[in-house]
Amino acid sequence: MATDNSSKNSIKDSVKDVFFQPRVLVVDDEVRIQKACQRLLTEEGCDVEVAQDGIKGLKMIDEKHFDIILLDLMMPGMSGLDVLTDVKSRHPDTVVIIITGYATLEHSIETMKKGAFDFLSKPFSPTELRLVIAKAIESIRTLQDIATEKSRMRVMINTLSNGVLTTDNQQRIALANPAFLKMIGCRKTSVIGHKVFEFIKDTRLLDMIDQAIQQPANTFAEITDEIAMPFSKEDQDMIIGVRCIPFRDRLNRNLGSITVFNDITALKKIDQLKSDFVSMVAHEIKSPLNSILMQLNVVLDGLAGDLTKKQKDILQRTSERIKSLTILSGELLDLSKIESGLINQEREQLDLIELIKGQVEFYRDKADAKSILLTVKKTKKEIYMLGNRINIEEVMSNLISNAIRYSPSGGQITVWADEKSDCAKIVVSDTGFGIGQKELEHIFDRFFRVKNETTRYINGTGLGLSIVKSIVDAHHGTIEVESEIDKGSCFSIYFPRSEYKI
Ligand code: ADP
């Protein structure tokens, strides 16, 4: 080795945070090289051992793990190439640096093919040795980081209570965690590499995975659904919330899909019980309320004898309160019907323009009574969606009646439908009281009502918008609202194209 005592470019200077003491083995028959390497690398903080020939070297490697091997190519007995082949087949993580006096191109290609990390041509300087060792440590550290990350991810995914399934873009299983295997009642552990349809029979789920893999590079959509699966014989009524997304490389090419399975059976059951309870109570209240109302009207109409003005006033107020209760029980019934999935039953092709016009005409008198200008903005002649007529009419009716109720006299309400690239859009925009930013977050919550000076005298149940949201959700749509106090509100609904294409 040529002399060069410069302490610049020490390994510690070149490699940030060397967090392990590198174990180095020098396999060289030249004692001079052995000693020089050992001295320099020990000074640099490495744990260095030496071997005079290949056979001894291999023996040492078998007894103890070395991170780096400095290997002479030309040695008596076993050649460096044979040692390299042996080391790489049994200890692939070990970094082998070839020391050679004959660094010809053929040699280099051959050793590189056999897995050598780099070369040092004799004679080499201490700086060259430090540099190549620093490079090797950097590479070991990167590999260790990747291995640590991989093992951390594996532990995390394997301990998740949610099922996780990933596939490559040929629908072959790349990862299936224990929770997923349990959900599908699969006791086999060797599912990796098999096609998903060998284990999953649910066509909707297979479809979701296919859709995720086929998703074009310019879109990235999470495909979600609730799937009732008799996945396994023990879990006949399992309901699983499924979310499926594609995963991509840097060039945005689809490499496969990731699907997460969330067992929501218990939640669904509680929700169903709650809905059943609400609908039972609402139903039980509705008929007695109607009969009270009818009898009150008999008294109010004077059919049971004359009333004083005071008695009439009290009965009038009672009648108003009962009417509000009837509306509340009706809305509760609607909500529980929607939640129990009835609304998905009958869907037809609806012309949104015609539907909007019908609803606007229905509310014309109410708007006129408050001198509100209620108009339908012209867009297209017809816009179709696949939906339940009664429900979509209910959505429009709630939004338009809210716009009228929460606008001062002289306001303006504009309603329109339009087609966006992959959606049918419905908008109801008003110049009314508006909603504060804080309240906007809760606007679709059940029973939520904005309480302020302008709204306190307006009767309502706080259920209208949650009914709207449930209907939109059941049609796989989304609803957005923009609003500013004293400027007005704008509700926009988007229904996905696939939902209105027949
Ligand atoms: P309700 O009108 O019966 O109270 P909703 O669920 O329809 O129930 O509406 C919830 C609340 O949202 C209302 O109390 C009202 O304060 C507010 N809101 C709804 N629509 C509008 C609107 N167009 N402009 C201003 N406020 C609105």
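This chain uses plain numbering: 1 for the first residue, then up along the sequence. Note that these values count all heavy atoms, side chains included, but never hydrogens, waters or copies made by symmetry. When a ligand or atom number is given, it counts from 1 through the structure's own listing order. Source: prediction; values computed, not measured.
Of all the atoms in ligand 1, the ones that sit under 4.0 Å from a non-hydrogen atom of Ile443 are 12 (O), 17 (C). In the vicinity of Leu463, heavy-atom distances shorter than 4.0 Å reach the ligand 1 atoms 6 (O), 8 (O). For ligand 1, the atoms lying closer than 4.0 Å to a non-hydrogen atom of Gly464 are 5 (P), 6 (O), 7 (O), 8 (O).
Between Asp313 and the options Lys309, Lys310, Arg317, a salt bridge (Lys or Arg N to Asp or Glu O under 4.0 Å) holds for only Lys309.
Looking at Glu441 and Lys438, no side-chain N of the basic residue comes within less than 4.0 Å of a carboxylate O on the acidic one, giving no salt bridge. For Lys380 and Glu419, the salt-bridge test passes: some basic side-chain N is under 4.0 Å from an acidic carboxylate O.
In the candidate list Asn459, Leu465, Ile413, Leu465 is nearest to atom 6 (O) of ligand 1, counting heavy atoms. With Phe444, Phe448, Phe433, Phe491 as candidates, the residue nearest to atom 10 (C) of ligand 1 on a non-hydrogen basis is Phe448. Heavy-atom proximity to atom 27 (C) of ligand 1, evaluated over Asn398, Asp430, Ile435, Ile400, is greatest for Ile435.
If you check which protein heavy atom lies closest to atom 4 (O) of ligand 1, you get Arg449 NE, 2.5 Å. Among protein heavy atoms, atom 14 (O) of ligand 1 sits closest to Tyr406 OH, 3.2 Å. Looking only at heavy atoms of the protein, atom 19 (C) of ligand 1 is closest to Asn402 ND2, 3.5 Å. Regarding atom 3 (O) of ligand 1, its nearest protein heavy-atom neighbour is Thr461 N, 2.9 Å.
Within the 4.0 Å heavy-atom cutoff, Arg405 counts among the residues contacting ligand 1. For Gly462, the heavy-atom gap to ligand 1 drops under 4.0 angstrom.
Rounding to the nearest 0.5 Å places OG1 of Thr461 at 3.5 Å from CD of Glu331.
His475 and Phe495 have perpendicular rings, their planes meeting at more than 60° on a 0 to 90° scale where under 30° would count as parallel.
Within a 6.0 Å sphere centred on NZ of Lys269, other residues, nucleotides and ligands contribute 12 heavy atoms or fewer.
Residues that satisfy the ring-ring contact (aromatic ring centres under 6.0 Å, His included) test with His65, not counting sequence neighbours, are absent from this structure. For the ring-ring contact (aromatic ring centres under 6.0 Å, His included) test, residues two or more places apart in sequence or in another chain that qualify with Phe199 are His194.
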